[in-house]
Amino acid sequence: MKLYDTQSRGLKEVNVEKEEVRMYCCGPTVYRDAHVGNLRTFLLSDLIARIVRLNGSQPRLIQNITDVGHMSEDFINDDKMLSQAKLEKVDPFEIARKYEQRFHTDLAALNVQPATAYPRASESIEMMLSLISRLIDAGFAYVGSDSSVYFSAEKFKSYGAISGNKLDALKPGHRYEYTEDGAKRFHADWALWKAAGDRTEMVWDSPWGKGFPGWHIECSAMSMKLLDGHVDIHVGGIDLRFPHHENERAQSNALINKEAVDLWVHGEHLLFEGKKMSKSSGNVVLLSDVIARGIDPLALRLCFLENKYRSQMDLTWNAIEAANETLKRWRTKMGHWSTDDSISIDPEIEQAFNADVDTPRVVMRLREIEKDDSHNKAAVFRYADQVLALDLNRPIEERVLTPEMKTLLEDRALARNEKRWADSDALRVELENLGLSIKDTPEGQIWS
RNA sequence: GGUCGGGUGGCCGAGAGGCGAGGCAAGGGACUGCAAAUCCCUCUACACGGGUUCAAAUCCCGUCCCGACCUCCA
């Protein structure tokens, strides 16, 4: 099984001979609903975990819940949790729990299997404090004049290996003016622990005074602790490559003096109708929007699967609806092909999964099999569905008919027997208005 | 300015040296009382300029264009 590793910029073999493959996926900051772009990344870790399992190994997946400390480095008022709490006029932890719950609901709707654990940042403070202390002791971190603790980027020799951003190229002020307060010794240093200052909510005691953790430290702490000091596969969105993962790598590696992560996998961003999804473009799509249109959430999953995870994909309503049709067609055909639940391995599909999660090729292969004359189509589809997880075996739901619908259907059958076509057509319109779609076959009318 | 990735038909998108993926849309046909569904057919592309090669969408050089990241982001 091979995956593209951002750090070495090439395909890298994943050892699936081991009993267990340790995975870490950067989770959500729970201050708002995850949009479908966020979900695409979480889907990626699900696909990798499923492929690991297909190869006979067990994934141990840790996904953090950021419920504290995710803020821009230099502006204390910008904490995402606190500003949203202010906006909704509730306790910040209430916000966190609410959106955390919705995150799990969305994942379940997309058939994303739950991670082994979802540690919360706010409940992992001890872990982070101990890690920060060790980094200070090892000489990689220092307490600034503002009582915050900073990581010293220059002390970590291979800084920049993931993103290609070298320290001397990271001069401050490229994007917007920095307000250097002088507490950091070097412009590229970042906070491991932020002193509370005026802040009173979401603060904890520490050896350096009241404060709260920096964003990057939580992933180092959780992955080191919950994955026993080594990550086989680290998954996240492409935007996290820098600075988040670069900093996480520096922290973790500094601590153990070797590579803490074998493979860095980054999912590309999703565009919606040509533009990056953002509040200002007004094109943020939530999974609930998809469901509200009467589309199966798994159609979105199929839509994602039809594109390489490493390409910026442009999602459109048209594409989602097309995927929804494909899904319905496959489920209908599955019902006709066979009713058992046998599974038959297709070498081409197996190979595609193992070749850097090439789900577009798998989908293509399924379309091919759909049309050919093989006898075990359903068994091959079921094999692929172990990873695709599109519930292809799910029977098309039987429509529950109201008495009114039943009467109209009986009337129409009668009208058709008597070749009263005008009546038949009028009844069809009426039934369609009730939400049934009618098809006439040589065996009579059918509805769905 | 630095870094990473792209440019393929009306649209979306695979392919990474050798017989024209596939999907969507459109048009035509079969079937049907008509629809719908289904099936068949049609439309045939690789940003530009050089180079390497028997052979280039694919490799190399140059140019143009697009997106992402550069201390908020999946």
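Note on naming: letters A, B, ... go to the chains in the order of the sequence lines (proteins, then strands), and numbering restarts at 1 for each one.
- A/N247 places its CG atom 17 Å from the P atom of B/rC69, with the value rounded to the nearest Å.
- Rounded to a whole angstrom, the distance from the P atom of B/rG17 to that of B/rC59 is 7 Å.
- Looking at heavy-atom distances under 4.0 Å, A/R367 makes contact with sugar-phosphate atoms alone, never a base.
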- Task: Using a 4.0 Å heavy-atom cut-off, write out nucleotides 29-45 of chain B from 5' to 3' as B (base contacted by protein), S (sugar-phosphate only) or - (no contact).
- Result: ----BBBBS-S------
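- Comparing A/G37 and A/A322 along RNA chain B, the residue whose closest nucleotide (by nearest heavy atom) sits nearer the 5' end is A/A322.
- B/rG20 and B/rA57 have their C1' atoms separated by 12 Å, with the value rounded to a whole Å.
- Within the structure, the salt bridge (charged side-chain N to carboxylate O under 4.0 Å, His left out) test picks out no pair touching residues 233-243 of chain A (sequence neighbours left out).
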- Mark up nucleotides 10-16 of chain B, 5' to 3', with B wherever a protein heavy atom is under 4.0 angstrom from a base atom, S wherever such an atom reaches only the sugar-phosphate, and - elsewhere. ---SSS-
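- At a threshold of 4.0 Å, the pair A/R310-A/E268 does not count as salt-bridged, since none of the basic side-chain nitrogens sits closer than that to a carboxylate oxygen.
- Partners of A/D106 by salt bridge (charged side-chain N to carboxylate O under 4.0 Å, His left out), not counting sequence neighbours: none found.
- Rounded to whole Å, the distance from NE2 on A/H244 to C1' on B/rC69 is 15 Å.
- Applying the ring pair (Phe, Tyr, Trp, His ring centres under 6.0 Å) criterion to A/F353, with sequence neighbours excluded, gives no partner residue.
- Distance A/R9 CZ to B/rC4 C1': 7 Å, rounded to the nearest Å.
- Taking atom P in both B/rC31 and B/rC12, the straight-line distance is 36 Å, to the nearest Å.
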- Task: Test side-chain contact (heavy atoms from CB on, under 4.5 Å) on A/V380 and A/K377 and set out the steps.
- Result: CA-CA 5 Å; A/V380 172; A/K377 294 181 196 208; 6.0 Å; no
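- Listed by chain and number, the residues in a ring pair (Phe, Tyr, Trp, His ring centres under 6.0 Å) with A/H244 are A/W215, A/H216 (sequence neighbours excluded).
- Using a 30° and 60° split on the angle between ring planes, A/F381 and A/W330 fall in the perpendicular class, above 60°.
- Between the C1' atoms of B/rU32 and B/rA26, the separation comes to 23 Å (whole Å).
- Spacing between B/rA45 and B/rU8 at atom C1', rounded to whole Å, works out to 6 Å.
- With sequence neighbours excluded, the residues satisfying ring pair (Phe, Tyr, Trp, His ring centres under 6.0 Å) with A/Y142 are A/Y150.
- One atom, CD1 of A/I238, and another, P of B/rU3, lie 16 Å apart when rounded to the nearest Å.
- Contacts classified as salt bridge (charged side-chain N to carboxylate O under 4.0 Å, His left out) and involving residues 325-334 of chain A (residues at least two apart or in different chains) are given here: A/D296-A/R331, A/E325-A/K328, A/R329-A/E370, A/K333-A/E370.
- Contact annotation for A/L39: no contact, since no heavy-atom pair falls under 4.0 Å across all strands.
- Within residues 287-303 of chain A, no residue has any heavy atom closer than 4.0 Å to RNA chain B.
- Under the rule for a salt bridge (charged side-chain N to carboxylate O under 4.0 Å, His left out), the partners of A/R60 that lie at least two apart in sequence or sit in another chain are A/E20, A/D228.
- Paired with A/R120 under the rule side chain to side chain contact (heavy atoms under 4.5 Å, CB included), one option of A/N64, A/V68, A/D67 passes, and it is A/D67.
- Shortest non-hydrogen contact noted between A/A415 and A/S424 is CB-N, 4.1 Å.
- When the C1' atom is used for both B/rU53 and B/rU63, the distance is 23 Å, rounded to whole Å.
- Under the 6.0 Å distance and 45° angle rule, A/R199 counts as a cation-pi partner of A/F212.
- Residue-level contact check: A/G236 touches the backbone only, with heavy atoms under 4.0 Å from sugar-phosphate atoms and none from bases.
- Checked against ring pair (Phe, Tyr, Trp, His ring centres under 6.0 Å), A/F304 has no partners two or more places apart in sequence or in another chain.
- Under 4.0 angstrom from either OP1 or OP2 of B/rG5 there lies at least one side-chain N or O belonging to A/Y4.
- Between the P atom of B/rA74 and the CH2 atom of A/W264 lies a distance of 16 Å, rounded to the nearest Å.
- Ring centroid separation for the pair A/F140 and A/W190 does not come in under the 6.0 Å cut-off.
- When the C1' atom of B/rG23 is taken as reference, atom CG of A/L305 falls 15 Å away, rounded to whole Å.
- Comparing the same atom, C1', in B/rA21 and in B/rA14 gives a spacing of 6 Å after rounding to whole Å.
- The same atom, P, is picked in B/rC39 and in B/rG5; the two are 40 Å apart, to the nearest Å.
- A/H35 comes within 4.0 angstrom of a nucleotide base, judged by non-hydrogen atoms across all strands.
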- Query: Tell me, what's RNA chain B's dot-bracket, Watson-Crick or G-U with both distances under 3.5 Å, | for other-strand, [ ] crossing?
  - Reply: ((((((((.[[[..)..(...]]].(((((.......)))))....[[[[[..)....]]]]])))))))....
